[in-house]
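Below is one structure, written out as C-alpha cells, with a few remarks after it.
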Amino acid sequence: MTFLTPLALIGLLALPLIWWLIKATPPLPRTQVFPSLMVLRRLHPRREDTVRAPLWLLILRVTAAALLIVGLAQPVHRPQEIAAAGHSGRLILILDDGWSAAPHWSERLRAARALGDRALQQGREVVLLRAARGDDGALPEPLVTRNAARFDDTIQRLRPAPWPVDRHALVAALAQFKASGDSVTILADGVATSDDTALRQALGGIGPVSDMRWPACDIATLGATSGDDLHVRVSALPCGTRHFQIRARNAEGGTLGVYPLDLPGGAAQAEATLPLPPALRNQTTRLTLSNDENAGNGTVGPATIRLLDEGDRRRPVGLLSMQGDDTPLVGAGFYLNHALGPLAELHQGTAQQLLTGALSVLIAPDGTLSQDNTRKRVADWVRKGGELIRFAGPALAADSDTPNVAEPLLPVALMSGVRQLGGPMSWGTPQKLAAFPDDSPFAGLNAPPEVTISRQVLARPAADLNDHVWARLTDGTPLVTATSYGHGEIVLFHVTAGADWSSLPLSGLFPDMLQRLIQRSAGLRGGAPVATLAPVATLDADGLLGAPPSGARPLAAADFSKTVPSAEHPPGLYGPRAQRRALNLGDNMPNLMPEPRLGTPILPVGAQADQPIGPILLAIGLVLLLLDLLLSLRRRGLLGRLAVLAALLPLAGHAETQTPPDVPPAALQTRLAYVVTGHDDVDEASREGLAGLSTYASDRSSAQLGPPDAIHPGQDDLAFYPLIYWPVTPDTQADAKRTAALNSFMAHGGIILIDTQGAGSDLDPDGAHEATAALKRATDGLAVPPLMKLDDHHVLGHTFYLLHDFPGRVAGQPVWVARGGDESLDDVSPVIIGAGDWAHAWAVGADGNHPYAVIPGGDEQRVQAYRFGVNIVLYALTGNYKADQMKVPALLERMGQ
C-alpha cells in the first residue's frame, strides 16, 4: 500500500492531543428527580472521577480521527507486481491496436496504463509500441518516456485501427530495442498472422516476454457473396456455442430484416443465406453481425459490418416477351432468362404490364417493339430516365428496309438488310470480337476468341458513328451502339439475343455485358469503367463511415476482389457512384485462427490499476463519528425521543401515498396492451411500437396513455384495456381460453387490432399463405363480424386526422373493419385486421430513434402510420363520436335551427 498524499499523515501527530482533550473533558451533569426526602436516604454516594472519560469512548474517537487522517493521505492498494518482477531495465509495451482489438479496447487501455504507471513509479523507462499502421500508412513512432502524465495522456487518446496489425513492420521496429535487462509485455489480440514466427524470434532477442490476452469469443468477421440471394459467411476464433444475428439495415440505420445464425462450439466458420426480397435488398446498404449480448447494436468493430455496393443490388429488369420466345435453345427469351436470372430481379410481360411498375432496365428482343403504341409508351419511359436494351433480328432488318417506318428507338441509323458473314451464300467468314474500347462500359472484359458473329445489321455510316460504338467486330463494324435519349439511354446489339446470328449468347461474356449495362441503369451514368477506384468513405474502428484517412490510396479495379483491407486501402466505399465498390474486412480475409503464445501467459487481472483505499477509510471514520453521536445522545437521554420521531415521519408520508393493494396499473392509468406471442423479437417490437404510439398520441391529443402492458388472453384480465394489438405469427394456434376471453373483451366494447406483419408484401412476399392459415387458426371461434375494406369514408379515416391511406411499416396493404358495426356497440368495429406491420413502424428504441425502416420508405409514410395509430386509439376510446358529428346538420334542421 502506498500513499498519494503522504504529508497528510502528519496529522497523526495530533492524536495524543485529541486523546488528552477527550480524557480531560468531564462528563455532562446528570439530572435526577427527587420525589421526597426519603429518596435521599436511599441514595448511596459513588465516587466518580469527573476528569476522565470512559476508555471505550476514547478509543472510538481516536480511531475515527486516525481513519480520517489516513484517508486524507489517499492510500492505494497495488495488485501483484507482474511488470517489474526482478527487472530494472526498460519496459517495452506492445499494444495490438488493429480491428480485432476493438471488442476489449477499454480493458486493453486500462491494463497498458496500469503496467506503464507501475514501471514508471519504479523509476523504469517505458516504451510503447503500436502494432497497427496509423492513418498516414506508417507504423506510429514508439513512445519512450519517464513522464507518467505524458504516458497517461497518450494512452487515453489511442483508438484501434479499422485494419489488421502489421507484424512485419513491428518486427522491423523492434530491431532498435535489443538490450540486456529490458522486459517485454505484449497485449496481443490472439489472431494468427503469417509473421508470428518472426515476431516471436524478435521478441526473444530482447528479454523476458509476457503475453497478455483477453477472451476471443467476441472476435468475428462477416463476409458475403452476391447472387440470387446474399450468401453470408461468419468466421470466428474457436469458442463455445454462439448465437448470432445478422441485420440488414438501410442508409438511415433502420432494420430491414433479422436473420439468426448459430456457430457451434469449436467451429471456426458458419454460413447462411439471407432470403432478402428484392425490394428490401435494393434498400440494404449494410449487414451487421451481433451476438446475444448486444443484439440491438451489432458487435464491435468494422469486421462485423459488410457494406453493400452497386454489385449487390438486384435492379428490377423488364423483359418484353412474345409467344414462343422462351423455347429452349431457340427462343431469345430462353437465353436472356438464363443470363439475367443471377444478375437482376427479372419481370416478363408486355410493355403495358411492365411499365406500370418500377423498372431500371427494359430489354426488347427483336419484334417486341413492332407496334406504334408500344414504341410510343417505351419512348416516353426512356425519355424519363429508363435504360432500353434492344436486340436486332429479322423484324428490325425488315423495318430498316421500309423507309416509311418511324423508328426513334435506335441509337444509330441502320442500313437495309442483313449482313451475312459465312454460309453457302456468302464469300466472307464469321467475324470475331475486337478488344473493347477504353471508353466503353465493357472495357476490361475479355473477348473470348471462340465467340463469332455470322449475321448482323449494319449501322449507316455517319460522321459521329464512332461516338456511339461500344463494341466492334475485328473488321471494324459495330456490334453494340448506344445513345442518350432524353434522360435515358438506348443500347442496341446488332445481333439477336438467341444463338441463330452469333455464339455470343452461348458464352460467359454475354451475362457480363448485360451486368455492366444493368449497373448503368437507374440514372447511374458513370461513363467508361475506371481503372482505379479512389476511396470515397471508409469505416472507422466504431464501424462509422467517414472521410478517408490521409494514408488511403486508390485501388486498382482489377485487384479489388482479392485485396485485404490495410492502412493504404481501409475498408469502405471506393469509386464513382455508378461503379462504387465496397471493400470489406470479412470478404477477402482467411478464416480466423488462434495466435500461438508469444511469451509467458499472464492474466489481465494482474494488470489492474491501483485501487484507492482512502474513500473507504473516510467512510468508516464518518460512521464511527456518527456512532459516537448516537452514543452521546443516548447518554443525554435524547436517543429515545429521536428514534420515535424518526419512526413517525415515514409513517406519515406513507399514509398519504398508500394505494389499495392488488390494483393493476391499467386500472389507474389508460394503457394499451399487446398479445404475447412467445417470439422475443416480435414481442419487443410490439412493446416498442405501442410505447412509441402512446407517446405520440399523448403529445398530440388529450389522451394521456401510460406504458403498454404485455397480456396473455385467457389468463389476464382484459377489462382495463381499450385496445389490444395482436401480431399474428405463422405458428399461431387456436386456443379456446384465449378466444373466449377476446370474445368477452369485444362484447364489452374493446377493440382488437390483428396484424399479420406484412405477409404478402415486399417485406415478406412468400409468407401470404402461411399468414392466411395462421389468421384462420387465430380467429377460429372469434366473433368476427362481416368485414369490408377500410376507406377514407369510414370513421377511422377522420377520427382525429384526415387520412386517405393507412400504411404501417409497409404501404398499400388493405385494412379490414366491420361492415356495419354492431348496434349494441354504437356501430364501432370490434376488430381491425391488416398486414401493415404497424408496431414496427411505431417502434421507438432506447436511443430515441426508429430501429425499423418503413417500406418503400420516407418520413411521410411513418408519419401517416403514426396518425393512423392515433385514429385507432381515439376510435377505441371515444367510439363513433365523429360519425355523430356528421349528423349535426340534420339534427339542427329537425330542431328548427
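Residues: numbered from 1 along the sequence shown.
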- Query: Does Arg233 use its side chain to pair, donor to acceptor, with the backbone of Glu271 at less than 3.5 Å?
  - Reply: no
- Name all residues meeting the side chain to side chain donor-acceptor pair (under 3.5 Å) criterion together with Asn446; count only those two or more places apart in sequence or in a different chain, and write none if there are none. none
- Item | Main-chain N/O of Ala188 paired with Arg108 side-chain donor or acceptor, under 3.5 Å | yes
- Mind listing the closest non-hydrogen atom pair of Leu573 and Ala582 along with its distance? CD2-CB, 3.8 Å
- Item | Close side-chain approach of Asp166 to Leu170, heavy-atom, < 4.5 Å | no
- Item | Approximate separation, where rounding is to 0.5 Å, of Leu263 CG and His243 NE2 | 10.0 Å
- Task: Answer whether the closest heavy-atom distance between the side chains of Leu129 and Phe177 falls below 4.5 Å.
- Result: yes
- Message: Check whether Asp309 reaches the backbone of Arg581 with its side chain - one donor and one acceptor, N or O, closer than 3.5 Å.
- Response: no
- Query: If you round to the nearest 0.5 Å, how far is OG1 of Thr193 from CG of Asp195?
  - Reply: 5.5 Å
- Message: When you measure from the side chain of Arg130 to the backbone of Pro140, do you find a donor-acceptor pair of N or O atoms at a distance under 3.5 Å?
- Response: no
- Does some side-chain heavy atom of Asn588 sit less than 4.5 Å from a side-chain heavy atom of Leu583? yes
- With distance as the sole test, does Asp96 use its side chain to make a donor-acceptor pair with the main-chain N or O of Ala131 at under 3.5 Å? no
- Message: Rounded at 0.5 Å granularity, tell me how far CG in Leu289 sits from CD in Gln245.
- Response: 9.5 Å
- Item | From CA spacing to verdict: side chain to side chain contact (heavy atoms under 4.5 Å, CB included), Leu115, Val126 | CA-CA 9 Å; Leu115 293 170; Val126 174; over 6 Å; no
- Message: Return the OG1 to CG distance between Thr221 and Leu237, rounded to the nearest 0.5 Å.
- Response: 9.0 Å
- Would you name the heavy atoms of Ile219 and Asp189 that are closest together and state the gap between them? CD1-O, 3.5 Å
- Would you indicate whether the side-chain heavy atoms of Glu595 and Val191 approach each other to under 4.5 Å? no
- Query: Would you say the side chain of Leu585 lies within less than 4.5 Å of the side chain of Pro164, judging by non-hydrogen atoms?
  - Reply: yes
- Item | Backbone of Leu307 reached by a side-chain donor or acceptor of Asn584 within 3.5 Å | yes
- Residue pair Pro571 / Pro565: nearest heavy atoms and the distance that separates them: CD-CB, 3.8 Å
- Task: Please check if atom CD in Glu141 has more than 12 non-hydrogen atoms from other residues, nucleotides or ligands closer than 6.0 Å.
- Result: no
- Could Arg157 and Asp153 be called an ion pair, given the rule that one side-chain N must be under 4.0 Å from one carboxylate O? yes
- Message: Under the criterion salt bridge (charged side-chain N to carboxylate O under 4.0 Å, His left out), I'd like the reasoning laid out for Asp542 against Arg159: C-alpha separation, chi angles, the key distance, then a yes or no.
- Response: CA-CA 10 Å; Asp542 297 321; Arg159 294 291 300 152; 2.8 Å; yes
- Item | Step-by-step side chain to side chain contact (heavy atoms under 4.5 Å, CB included) determination, Leu158 to Asp97 | CA-CA 9 Å; Leu158 292 182; Asp97 57 342; 5.9 Å; no
- Donor-acceptor contact below 3.5 Å, side chain Ser235 vs main chain Leu592: yes
- Item | Asp587 versus Gly223, closest heavy-atom pair with distance | OD1-CA, 3.3 Å
- Show the numbers, then the answer: is there a side chain to side chain contact (heavy atoms under 4.5 Å, CB included) between Ile155 and Leu128? CA-CA 9 Å; Ile155 289 292; Leu128 177 63; 3.9 Å; yes
- Taking it one step at a time, do Arg516 and Phe436 satisfy side chain to side chain contact (heavy atoms under 4.5 Å, CB included)? CA-CA 13 Å; Arg516 290 285 182 92; Phe436 296 111; over 6 Å; no
- Please answer whether the main-chain N or O of Arg133 pairs with a side-chain N or O of Trp163 as donor and acceptor at a distance below 3.5 Å. yes
- Query: Salt bridge or not for Asp218 and Arg242, using N-O below 4.0 Å?
  - Reply: no
- Task: Please report the shortest heavy-atom distance between Ile246 and Leu274, naming the atom on each side.
- Result: CG2-CD1, 3.9 Å
- Taking all non-hydrogen atoms of both residues, which atom of Ala202 and which atom of Val171 are closest, and how far apart? CB-CG1, 4.1 Å
- Side-chain contact test, heavy atoms from C-beta onward, threshold under 4.5 Å: evaluate it for Leu539 versus Trp99 and give yes or no. no
- Query: Checking Arg553 side chain against Gly551 main chain: does a donor-acceptor pair fall under 3.5 Å?
  - Reply: yes
- Do other residues, nucleotides or ligands put more than 12 heavy atoms under 6.0 Å from the CE atom of Met593? no
- Min side-chain heavy-atom separation Ile92-Ile186 under 4.5 Å: no
- Message: Rounded at 0.5 Å granularity, tell me how far CG in Asp152 sits from CG in Leu109.
- Response: 11.0 Å
- Message: With a 4.5 Å cut-off on side-chain heavy atoms, are Leu222 and Leu287 touching?
- Response: yes
- Message: Considering only residues two or more places apart or on different chains, which pairs with a residue in residues 538-571 satisfy ring-ring contact (aromatic ring centres under 6.0 Å, His included)?
- Response: Phe560-Tyr574
- Message: Please report the interatomic distance OG1(Thr304) to CZ(Arg247), rounded to the nearest 0.5 Å.
- Response: 13.0 Å
- Query: So, does His104 use its side chain to make a donor-acceptor pair with the main chain of Pro215 at under 3.5 Å?
  - Reply: yes
